[in-house]
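Have a look at the structure below before the remarks.
Residue numbering restarts at 1 for every chain, and letters A, B, ... go by the order of the sequence lines.
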Amino acid sequence: MGEWSFLGDFLEKVHKHSTVVGKVWLTVLFIFRMLVLGTAAESSWGDEQSDFMCDTQQPGCENVCYDKAFPISHVRFWVLQIIFVSTPSLVYMGHAMHTVRMEEKRKMKEAEIEARENKNGGDTYYQQKCSVAEKETKLSGWDEAGGQIILRGSLLNTYVYSILIRTAMEVAFIVGQYVLYGIFLETLYICQRAPCPHPVNCYVSRPTEKNVFIVFMLAVAVLSLFLSLAELYHLGWKKAKERCSRSYKASPSTAPGRLESAPQAERAQMYTPPPDFNQCLSSPNGKFISPFSDKMASQQNTANFATERVHGQEDAAGEGPFVKSSYVESPEVASECAAPAFPENYFNEKRRFSKASRASSKARSDDLSV
Amino acid sequence: MSWAFLRDLLSGVNKYSTGIGRIWVAVVFMFRLLVYAAAAENIWKHERDEFECNIKQPGCENVCFDHFFPVSHIRLWALQLIIVSTPSLLVVFHVAYRENREKHRNQKLYKNPGKIDGGLLCTYLISLILKTGLEIVFLVLFYKLYNGFKIPRIVKCDIKPCPNTVDCYISKPTEKMIFLYFLVATSCLCIILNLSELSYLILKYSIKCYLKRHVKKQQ
């Protein structure tokens with residue numbers, strides 16, 4: 001069981017940067033797969049060959065029949081399944097950690113630039129900040145708000161791809177198990193292979209107990225598959241559907257522009273943008289905008305901001321700058337450029353769901369929320 | 001003493017590695033250490049008891065097993081894991097040496113003792129070359145000892161005291177072969193990662209040197 005701590009430590013970090021459904025998936029993986037495999041299933045398969053009996057005294061016959069009946073043992077198959085199914089999450093975690101590191105470097109650079117500008121005079125500060133910020137929108141998934149990892153752009157893509165690959169692996173292993181062994185294990189296995197002189201009856205040890213575990217592990221695999229699909233739906237398909245339905249209802253081309261600029265204008269009113277705010281907005285590079293960006297969500301965010309301003313004083317004491325994860329739909333370029341003008345406590349606020357938000361207010365603050 | 005010891009050592013290595021180095025550590029943990037400890041060990045657990053020869057002559061099974069498996073696959077695998085991981089410790093030792101030096105002289109000798117430059121870069125490159133070399137050595141050893149990466153179902157043995165050529169049967173040959181291929185694949189992956197890290201570092205620092213010289217010339 002101790003060997004699973006290798007994987008457990010890695011996956012705990014993934015746990016921090018996952019959505020609610022992702023956390024449930026990880027919990028299912030830890031408890032119902034790793035723990036059950038390590039404690040119960042392995043001991044059930046412990047005597048699988050020593051108690052595999054064939055109705056013959058021919059030396060070597062039992063060996064070759066066991067090898068034919070079980071090319072790979074169930075337990076080893078499940079170990080490989082857990083490892084391959086967890087690997088995409090680790091790739092996502094690597095990307096997230098890389099983003100964190102890049103953000104730390106960016107903050108150091110900004111601090112250096114600020115120190116330099118303070119010596120030379122502050123004329124070019126905002127222009128430099130905007131150019132740095134525009135460059136840094138290329139590094140997706142980071143927002144100034146409270147040092148949080150935001151799922152967007154390439155980080156969101158990595159997350160979605162990791163779930164897709166995980167789903168594919170899950171399906172592959174379930175199908176593989178069915179192809180190798182079917183669903184249930186039979187008590188009797190009839191074997192005809194040299195050096196067995198004739199077809200011999202071989203008896204599997206503990207078939208019922210093994211069947212219980214096989215069905216259990218199959219059910220957990222199907223549950224994990226379902227959770228992965230639910231997470232995919234939760235992340236993307238809903239938004240794609242909304243975008244499709246909105247594009248059908250779409251009015252003239254100015255309306256979307258108005259919709260997009262409306263929340264920004266409101267925010268501009270609330271937070272007094274710097275003089276060349278519009279310059280920063282002039283060329284949003286479509287390549288780096290999240291495929292899941294959503295105008296409805298931006299409007300909702302405006303409501304959230306208003307609520308947060310109300311709650312701002314309560315949360316100002318807040319928790320220190322540690323990395324929390326929340327998923328926020330926001331116009332990328334605007335947030336970076338407008339950042340200097342935001343009030344101080346904005347960065348320390350915990351992102352909370354407003355009553356206007358459709359999402360559950362029971363979600364924890366360190367969840368990636370959609 | 002268990003694999004957790006190696007894991008703790010390698011976690012220390014992670015701090016002073018490049019991005020590719022971190023991927024290498026993750027591959028070693030996930031695909032080699034974990035697979036070894038959780039799966040492979042149990043396959044080879046009773047290999048001697050399950051090795052069966054078609055003869056009642058006492059001692060025949062013993063000598064035949066010893067002839068075909070001078071070192072068991074699983075023991076060689078464990079040795080490979082340990083020996084291939086240890087060159088990374090050179091980097092950790094060098095960083096510790098740097099920090100010790102700073103402490104003794106009570107002054108900041110290095111901008112960042114963990115940054116890969118100067119002497120630490122040489123140590124890092126040497127550790128990469130050693131790791132790659134040792135991986136290749138072990139792969140060749142596996143190939144030579146067992147005549148390729150196949151595990152036969154039946155082997156013919158005629159060593160004394162076996163009176164004639166006897167058939168001996170190896171247990172779980174298919175499963176052992178699957179994991180042997182897995183071992184070879186992960187070794188090759190680690191070799192590729194080491195070589196790409198080596199070329200990345202050499203390229204990065206040659207460009208850095210070239211640019212420095214270029215700037216100096218311009219000045």
Side-chain angles (χ1 to χ4, degrees), chain A residues 1-11 13 34 37-38 41-43 45-50 52 57-84 86-87 89-91 93-95 97-98 101-102 180 193-196, chain B residues 2-8 10-11 14 18-20 22-23 25-47 49-56 60-61 151-155 166-179 181-182 186:
Chain A
M1 191 52 218
E3 54 266 6
W4 288 110
S5 60
F6 291 148
L7 185 54
D9 293 343
F10 278 116
L11 289 178
K13 288 180 195 157
M34 285 189 207
L37 190 65
E42 282 213 13
S43 45
W45 267 263
D47 56 4
E48 55 177 331
Q49 185 166 359
S50 53
F52 182 81
Q57 296 246 21
Q58 170 65 42
C61 183
E62 265 179 22
N63 268 359
V64 298
C65 286
Y66 178 84
D67 183 58
K68 191 177 179 198
F70 301 109
I72 179 168
S73 167
H74 285 88
V75 203
R76 259 76 72 179
F77 186 82
W78 290 329
V79 166
L80 288 178
Q81 182 178 15
I82 291 173
I83 291 173
F84 279 100
S86 311
T87 306
S89 304
L90 298 180
V91 172
M93 189 202 78
H95 190 166
M97 293 294 110
H98 177 74
R101 228 170 279 123
M102 288 284 114
L180 274 174
R193 206 190 207 191
C196 305
Chain B
S2 69
W3 291 109
F5 185 68
L6 186 65
R7 180 193 63 179
D8 295 337
L10 285 180
S11 304
N14 220 12
T18 60
I20 305 177
R22 290 194 182 96
I23 297 173
V25 173
V27 165
V28 167
F29 277 167
M30 282 278 290
F31 292 107
R32 299 178 84 174
L33 261 171
L34 180 60
V35 167
Y36 173 90
E41 248 186 335
N42 293 330
I43 302 174
W44 273 270
K45 206 172 188 177
H46 300 292
E47 58 169 337
D49 296 331
E50 291 160 359
F51 183 80
E52 203 174 0
C53 291
N54 189 5
I55 187 122
K56 286 195 133 170
C60 181
E61 250 178 43
I151 298 178
R153 213 186 318 145
I154 175 172
V155 286
V166 295
D167 295 336
C168 292
Y169 301 93
I170 297 169
S171 70
K172 305 189 191 144
T174 313
E175 201 168 359
K176 285 177 181 170
M177 211 159 57
I178 291 172
F179 280 89
Y181 284 144
F182 196 83
T186 49

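As summarised for C168(B) and C53(B), their two SG atoms come within a distance smaller than 2.5 angstrom, satisfying the threshold.
For a residue to count as touching a neighbouring chain, one of its non-hydrogen atoms must lie under 4.5 Å from one of that chain's; by this rule Y36(B) does not touch chain A. Contacts of I170(B) with chain A are made by backbone atoms alone, with heavy-atom separations under 4.5 Å and no side-chain atom involved. Both the backbone and the side chain of I83(A) come within contact range of chain B, judged by heavy atoms closer than 4.5 Å. Looking at N42(B), the atoms closer than 4.5 Å to chain A (heavy atoms on both sides) sit in the backbone and in the side chain alike. With a 4.5 Å cut-off on non-hydrogen atoms, I82(A) does not touch chain B at all. With a 4.5 angstrom heavy-atom cutoff, I178(B) touches chain A only via side-chain atoms. In this structure, the portion of V79(A) lying under 4.5 Å from any heavy atom of chain B is its side chain and not its backbone.
The greatest number of non-hydrogen atom pairs below 4.5 Å with chain B, out of A194(A), S50(A), P195(A), is found for P195(A). When the candidates I55(B), I23(B), D49(B), L33(B) are compared by the number of heavy-atom contacts under 4.5 Å with chain A, L33(B) comes out ahead. Ranking I154(B), I43(B), D167(B) against chain A, the residue ahead of the rest is I43(B), based on heavy-atom pairs under 4.5 Å. Highest contact tally toward chain B, considering only G60(A), G94(A), C61(A), is held by G60(A) [criterion: heavy-atom pairs under 4.5 Å]. Contacts with chain A were tallied for R153(B), M177(B), H46(B), R22(B); R153(B) has the most, counting heavy-atom pairs under 4.5 Å.
Formation of a donor-acceptor pair under 3.5 Å by the E175(B) side chain with backbone atoms of S73(A) is found in this model.
Taking the six-membered ring for Trp and thresholds of 30 and 60 degrees, F84(A) and F182(B) have ring planes more than 60 degrees apart, a perpendicular arrangement. Ring geometry, F52(A) versus F70(A): the interplanar angle exceeds 60°, so the pair is classed perpendicular (tilted spans 30 to 60°).
Side-chain polar atoms of E48(A) and Y66(A) form a donor-acceptor pair below 3.5 angstrom.
Closest approach of N54(B) to V166(B), counting heavy atoms only: O-CG1, 4.5 Å.
Within the 4.5 Å cutoff, side-chain heavy atoms of S171(B) are placed close to those of K176(B). Taking 4.5 Å as the limit, every side-chain heavy atom of C196(A) sits out of range of all side-chain heavy atoms of Q58(A).
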